[in-house]
Amino acid sequence: MQRRDTGISRSRFLKMMGAAGVAGSTLSVLSCQPNTSATGGGGSGGGPEEKELAFYNWSDYVAKSTIPGFEEETGIKVTQDFFASNEDLLGKLQAGATGYDVIVPSDYMVAIMIKSDVIQKIDKSKIPNTKNVGSNYMGLSYDPNNEYSLPYQWGTTGILYNKKEVGELDGTWDAMWDPQFEGEMAMLADSRETIGAALYKLGYSVNSKDQDQLAEAEAELKKQQPLLRGYFASTEVRPLVLNGDILLGHVYSGDAFLALSENENLDYVIPQPQATRWTDNMCIPNGASHPDNAHKFINYILGADVGAKLSNYTYYNTPNEAALPKIAGALKDLPGYILSPDVFQRLEVIKDLGATTRDYERIFTEVKSA
Ligand code: SPD
């Protein structure tokens with residue numbers, strides 16, 4: 001089965017794979033363990049590393065050519081596991097998973113991982129392609145000197161919906177609470193994003209630490225829960241909307257743009273008054289078995305061609321300035337792919353909230369089981 005990295009034939013491929021590919025990824029989160037074998041001198045202490053790399057990533061987040069290209073260039077064999085949310089990733093590492101060499105946490109999760117001492121410093125002298133990263137994506141608040149992270153992809157979170165069926169939305173988060181769409185809506189299985197949507201609906205910040213505001217958001221989510229088909233990974237929401245199983249879905253932008261490119265009846269809205277903008281990052285866990293290979297992999301991803309192929313496949317935005325001229329025109333033309341200044345200024349970045357994180361986790365657990 002062939003698909004090109006222009007992103008155009010990717011959609012056909014995904015249609016053929018359908019939900020089966022998604023289910024496979026989810027199962028692998030539950031069942032796979034990283035390669036922890038120590039034969040051949042893996043780890044930071046000894047001789048040359050074995051020619052292996054364990055990559056723990058979001059599902060559907062590499063181009064078809066990404067991994068084979070690296071294996072061919074370096075002779076390093078890559079194994080992949082997949083997680084569905086930042087919290088799943090952290091949970092897996094905190095539960096003692098060792099051996100992953102490169103992981104892809106989002107902004108606030110990088111800050112949590114630095115604080116929790118689960119990731120190691122990156123040696124940027126081994127990553128000359130750092131020069132390709134745009135200055136807007138370096139020195140961000142969660143890792144101000146990029147000691148622990150380099151950016152992978154970025155995007156927004158909003159609503160993918162069937163405009164033909166429901167008409168044009170009013171552009172607010174209220175649509176996701178509209179009883180006329182009962183059973184035909186899905187929210188992300190992502191505590192910060194979904195509680196964030198409720199906070200935005202109420203006019204608050206995604207980074208609120210105010211207990212009264214959080215209690216209001218919890219009540220909103222409990223009102224919304226019976227109206228939903230469920231809480232899913234974004235890669236699962238995309239086919240549900242695309243195939244007409246549901247009418248509205250809370251998604252990450254790459255899934256929205258991919259769906260839009262396949263079905264002209266769909267639209268993507270970045271709701272008012274606010275929504276999130278996020279950056280996912282490459283980091284090396286403390287327990288990495290192959291830290292040198294991890295540096296080689298991060299450098300490879302930040303190459304201009306590799307970076308462009310990645311975004312042309314994932315439909316997310318690239319922090320790689322050298323890759324920008326190679327981004328497919330069809331992708332740049334999708335409405336909302338390039339953010340206008342007025343949209344950009346109303347987007348928030350999710351932050352580490354310290355001890356209040358526990359309140360978010362409790363709320364989301366209670367809402368899901370209400
Ligand atoms: N299929 C890959 C999706 C990656 C999305 N990362 C989103 C983080 C949102 N806070």
Side-chain angles (χ1 to χ4, degrees), residues 7 10-11 13-14 17 19 21-26 28-29 55-64 66-67 80-90 102-113 137 140-142 149 151-160 186-197 199-200 205-207 231-242 249-259 268 270-271 274-283 301 310-319 347-353 357 360-361 364:
R10 170 183 190 238
S11 35
F13 174 87
L14 288 168
M17 293 301 284
V22 170
S25 304
T26 307
S28 87
V29 173
F55 186 31
Y56 195 25
N57 193 8
W58 301 80
S59 61
D60 209 8
Y61 214 23
V62 284
K64 190 182 173 232
T66 307
I67 302 300
Q80 294 189 80
D81 276 352
F82 306 98
F83 57 86
S85 73
N86 282 295
E87 288 66 29
D88 287 353
L89 166 61
L90 180 67
V102 179
I103 57 172
V104 190
S106 305
D107 21 55
Y108 70 101
M109 189 49 73
V110 173
I112 292 174
M113 287 182 168
Y137 305 96
L140 300 175
S141 62
Y142 51 86
S149 66
Y152 183 75
Q153 299 268 271
W154 69 270
T156 58
T157 304
I159 303 172
L160 170 68
M187 292 295 286
L188 285 171
D190 178 324
S191 52
R192 292 298 306 272
E193 292 282 2
T194 288
I195 296 173
L199 287 164
Y200 286 143
S205 164
V206 74
N207 294 313
Y231 302 91
F232 299 99
S234 186
T235 45
E236 295 170 316
V237 177
R238 180 188 66 221
L240 287 175
V241 180
L242 194 54
H250 186 210
V251 290
Y252 306 132
S253 51
D255 286 304
F257 295 132
L258 180 60
Y268 175 60
I270 300 174
Q274 289 192 283
T276 60
R277 167 175 66 86
W278 44 262
T279 305
D280 291 335
N281 302 273
M282 295 174 281
C283 297
I301 292 289
L310 190 56
S311 278
N312 286 338
Y313 182 93
T314 64
Y315 281 43
Y316 288 102
N317 297 74
T318 183
L347 299 179
E348 271 192 308
V349 174
I350 298 177
K351 295 202 169 111
D352 168 27
L353 300 178
T357 302
Y360 278 72
E361 291 312 304
F364 201 45

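Below, each value reflects all heavy atoms present in this structure, side chains not excepted, and no hydrogens, waters or symmetry copies. Here, residue 1 is the first one in the sequence, and each next residue gets the next number. As the structure lists them, so they are numbered: ligands from 1, and atoms in each ligand from 1.
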- Message: Below 4.0 Å, non-hydrogen atoms only: which portion of Gln153 touches ligand 1? Side chain, backbone, both or neither.
- Response: neither
- Query: Tell me: protein heavy atom nearest atom 10 (N) of ligand 1, and distance?
  - Reply: Glu193 OE2, 2.9 Å
- Query: Does some non-hydrogen atom of Ser59 fall short of 4.0 Å from ligand 1?
  - Reply: yes
- Taking only Lys NZ, Arg NE, NH1 and NH2, and the carboxylate oxygens of Asp or Glu, determine whether Arg238 and Asp60 approach each other closer than 4.0 Å. yes
- Just checking, any donor-acceptor pair under 3.5 angstrom between side chains of Ser234 and Asp255? yes
- Query: Under the 3.5 angstrom rule, does the side chain of Arg192 hit a backbone N or O of Lys351 as a donor-acceptor pair?
  - Reply: yes
- Message: Please confirm whether Asp280 approaches ligand 1 to less than 4.0 Å, judged on its heavy atoms.
- Response: yes
- Task: Among Asp280, Asp190, Thr235, find the residue that satisfies the side chain to side chain contact (heavy atoms under 4.5 Å, CB included) test when tested with Tyr252.
- Result: Asp190
- Query: What's the shortest distance from atom 3 (C) of ligand 1 to any protein heavy atom, and which residue and atom give it?
  - Reply: Tyr316 OH, 3.5 Å
- Task: Among all protein heavy atoms, pick out the one at the shortest distance from atom 8 (C) of ligand 1; state its residue, atom name and that distance to 0.1 Å.
- Result: Ser106 OG, 3.2 Å
- Angle class for the Trp154/Tyr137 ring planes (parallel below 30°, perpendicular above 60°, tilted otherwise)? parallel
- Item | Contact check, Tyr108 vs ligand 1, heavy-atom distance below 4.0 Å | no
- Query: How many angstroms lie between OG1 in Thr314 and OH in Tyr316, if you round to the nearest 0.5 Å?
  - Reply: 7.0 Å
